[in-house]
Structures are given as C-alpha cells and as structure tokens.
Amino acid sequence: MSIKVRYFASIREVLGRNGDELAARSGMTVAKVWQITAQIDAPVNTIVAVNEEFSDWQQSVSDGDEVAFFPPVTGG
Amino acid sequence: MSIKVRYFASIREVLGRNGDELAARSGMTVAKVWQITAQIDAPVNTIVAVNEEFSDWQQSVSDGDEVAFFPPVTGG
Amino acid sequence: MTVIVSEKAFLPWQVLADYERLRNGLQGQIGAATVFVGTLRSLSQGRPVEAMTLEHYPGMTEKYLQLICREAGEKWQILDSFVQHRYGRILPDEPIVLVAVWSEHRESAFKACRYIIDELKSRAPFWKQEQTDEGLRWVEKNT
Amino acid sequence: MTVIVSEKAFLPWQVLADYERLRNGLQGQIGAATVFVGTLRSLSQGRPVEAMTLEHYPGMTEKYLQLICREAGEKWQILDSFVQHRYGRILPDEPIVLVAVWSEHRESAFKACRYIIDELKSRAPFWKQEQTDEGLRWVEKNT
C-alpha cells in the first residue's frame, strides 16, 4: 500500500521537501500519515486534503491516496 | 420674467412638443407652470426637475429657471 | 472620476483598457476593480425586442451621474470611478451602461459599483423606448 | 463556465474581449455582466512589495475553482462564469485574479461574482509569498 504525501508553502519549506512516498498500513489516519512522514508537530492551522479535497486529521487513507498538508490558503 | 419648460419621453409625446417658454409671475409654483403650459392633468407619477435638480410641485420658480416634466426614469 | 454620456456604441473592455492605460497617479495602489456592464436583451416581457431608443435630459444626466459617483466616494473608500452611458438607438447585445470602480480592497469596490448602478437606475434621467413586433412602447419601470 | 490557472501575466480586459468574442450561444440573453479584478498592490502592511510569488496545488486549484463556479450557478440564475488566476512570480500592478459572471439581471451577477471571489479566497489552494525589503514572507491571512 502506497500513499503519496505532498507539502505546500510554509510547510514545504519547514520540512525542506515537496513530499514523501509512504508504504502504509490500511486504515491509517491522516494524522498518522503526518506523524510518520513529517516527524514534527504540525503547525497550528495546518489544512489537510485527501485526493484534492479538503479533509481532516481523522480521515482514513487508502492505497493510492494523495494526502496534502498546507497552511491556510491566501489566493485571490 | 421668463421660465423655460421642457418635456421628456411619454410626456413630450402626449403634449406633442419638446417644451414651452413661459412669461411668468414671480413666485409661481411648478404646479402652476404645468397648469398654464400643459393644460391637461399631469400623468400619475410625473417627475419634476428645476434647473436640472429633482424638485416638487410646490417649488417656487424664478426668472430664468428651467422646469422639466418627465415620467419615472428607466436608464441603466 | 469620469462620466461619459454618448450616442455612439462602445466596447466596454476596450474602453476600460484605454481608460486604465491613460490614467495617471494610482500606480501600486489599486488592489480591486469591480465592473458592471448592462446590455440590451432581445426579449422584454416575453416579446422580441428589435431595438431600443434611449432618450435623456442632456446636462442633468451628466450632473446626476457625477453626483452619484461622488456619493459613492463619500460612502466607501474608493480610488477612482468611471461611468459610460449611451443614449439614442441601441440594438440587442449592445452595451447600454458601463460602471467601473477601483479601490484598495474588494468590499468597497463591490459596494460602490452596486450603489452607482442602482442609483443611476433610479435617478439618472434616461427613458427607454422599446421597439417590439407590437410597435414602440415606453418602458415604464426599471428592473 | 471556464476556469484558467496559468503562470503568464494577462490583461483582464483583453481576456474578456476575446472570451466574449469566441463564446457561442448566449446571443440576446445577457443583460448584465459583473467583473472583479484583483491586482497586486505595492504596499503590504506598510512595507513596499517588490514582487509576490503565488504557489498553488495544481489540479486541486482547478477543481475547486470549478466547484465554486458551479455552486454560484446553483445559488443564482447566471448564464456563464469565467475565472482566471495566476501563479508564479507577480509584480505590483499586475492582475492576480479575474472573475466574470454573466446573467439576465444584475442582482444575480453581482451576488455570484462576489461569491466566487470570496470562496476562492477561502478555498482555492493558493499561497502568497511576498518579497519586501525585509525579505520573503508568507502571507498568513487573506484580506
């Protein structure tokens, strides 16, 4: 089972990379994905997306999912 | 003393002319100007303007004033 | 602040491009622009409209458009405003009115632009006469 | 409904002129167009801004912009909508975002246009990094 992890903006900078590839157990939560890959506390207000949709830390991920972590958006 | 009277849109059409020139007594009201020049009852909702400003039927007019009568506006 | 009342047809986006290109003094300040364009539709109350003739009160029209723009500038923090309005004969799909407002932030631009078009519709002395297959008729109420 | 996310600078009025010229099928129906343009100002919280870099999440960005436009179309009666948003390096006075909505009447156009830009600012995954005389800093909150 493989999860693609992506980081954007200040989170990308703090972690020093664009993302990670994670071989993961089924039923793992987004929070667990962060814990394993980032290995630091998530910045306050970190937003999570699963497969390009806003999600939350309790969401379970499946094989092939893309999980993204980023700060509050500031477009427009 | 001379008052310039102007008619617009449906009022212009009903009266069959663009305006009138009125030799008038001082202190005459807009209502009196209409009565003398138009000689018919004013259509309901007729709007009056004196010197290019919205006004009312009780307004007194002075020498050189321009008085206009028109239906509700429909621009934009 | 610029107000134009003219008979000739105009292209709103071209007008705005030209206006911004020639404008001086707001470099770096504008964060938001809001624009409204009103266009003649080819149906009115279910009847096909062949054309419309807009009568206006020259002088009073410009005066009230300027007044309305000034009022918008007193109510909201805006940097510039522009209104162009046609009179005379207008065909379906032709623009009738263009309102543009520039400001630092979008709230003021939206509010001021809406204010100008709403007030214009109730206070600027224009009168629409439609030409439909039933003949000419004065539009009695603005929507 | 059209959504464009692109790196290259664009001229909003030119984009709209081209878009309307090539659009099919709404002849005679449009009575109102409302447009919003967001531009980079050269001052941010009192500091001069030399440039801004907009990072985005390719794919998710387009998806949410389309979703937001669809939502606007469900909430108000509109005929068409258009959004163009830049990413990458942007200089002061350059447009960042363009939102346009076409409808029969102005109420829907104003409401839908405002909805799209407000939702875009809170849901489209873009992140602004400003370059000021103090260096680079991530914009933390949208205004």
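Per chain, numbering begins at 1; letters A, B, ... match sequence-line order. Not measured: the values here are computed from a predicted model.
Taking the ring centroids of B:F54 and C:Y64, they lie under the 6.0 Å cut-off. Checked against the 6.0 Å centroid threshold, C:W102 and C:F82 do not count as a close aromatic pair. For B:W57 and B:F69, the distance between ring centers is under 6.0 angstrom.
For C:S122, the part sitting under 4.5 Å from any heavy atom of chain B is the backbone (N, CA, C, O) and nothing else. Proximity to chain C is limited to the backbone of B:N51, based on heavy atoms less than 4.5 angstrom apart. Neither the backbone nor the side chain of C:R86 has a heavy atom closer than 4.5 Å to any heavy atom of chain B. In this structure, the portions of C:K121 lying under 4.5 Å from any heavy atom of chain B include both its backbone and its side chain. With a 4.5 angstrom heavy-atom cutoff, B:E13 touches chain C only via side-chain atoms.
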Q: Decide salt bridge (Lys or Arg N to Asp or Glu O under 4.0 Å) for C:K111 and C:E107; before the verdict, give the C-alpha distance in whole Å, the side-chain angles of both, and the deciding distance to 0.1 Å.
A: CA-CA 6 Å; C:K111 291 258 172 82; C:E107 177 79 8; 2.4 Å; yes

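Counting heavy-atom pairs under 4.5 Å between each of B:A49, B:P72, B:S10 and chain C puts B:S10 at the top. Of the listed residues C:Q129, C:R123, C:H56, the one with more heavy-atom pairs under 4.5 angstrom with chain B than any other is C:R123. Ranked by heavy-atom pairs shorter than 4.5 Å toward chain B, the options C:W127, C:Y87, C:F126 are led by C:W127. Annotation: maximal heavy-atom pairing with chain B below 4.5 Å, among C:V97, C:L67, C:N142, occurs at C:N142.
No side-chain donor-acceptor contact under 3.5 Å links C:D118 to the backbone of C:Y115.
Classification of C:K63 and B:E53 as a salt-bridged pair holds, one side-chain N sitting under 4.0 Å from a carboxylate O.
A perpendicular orientation is assigned to the rings of B:F70 and B:F8, their planes being inclined by more than 60° (bins at 30° and 60°).
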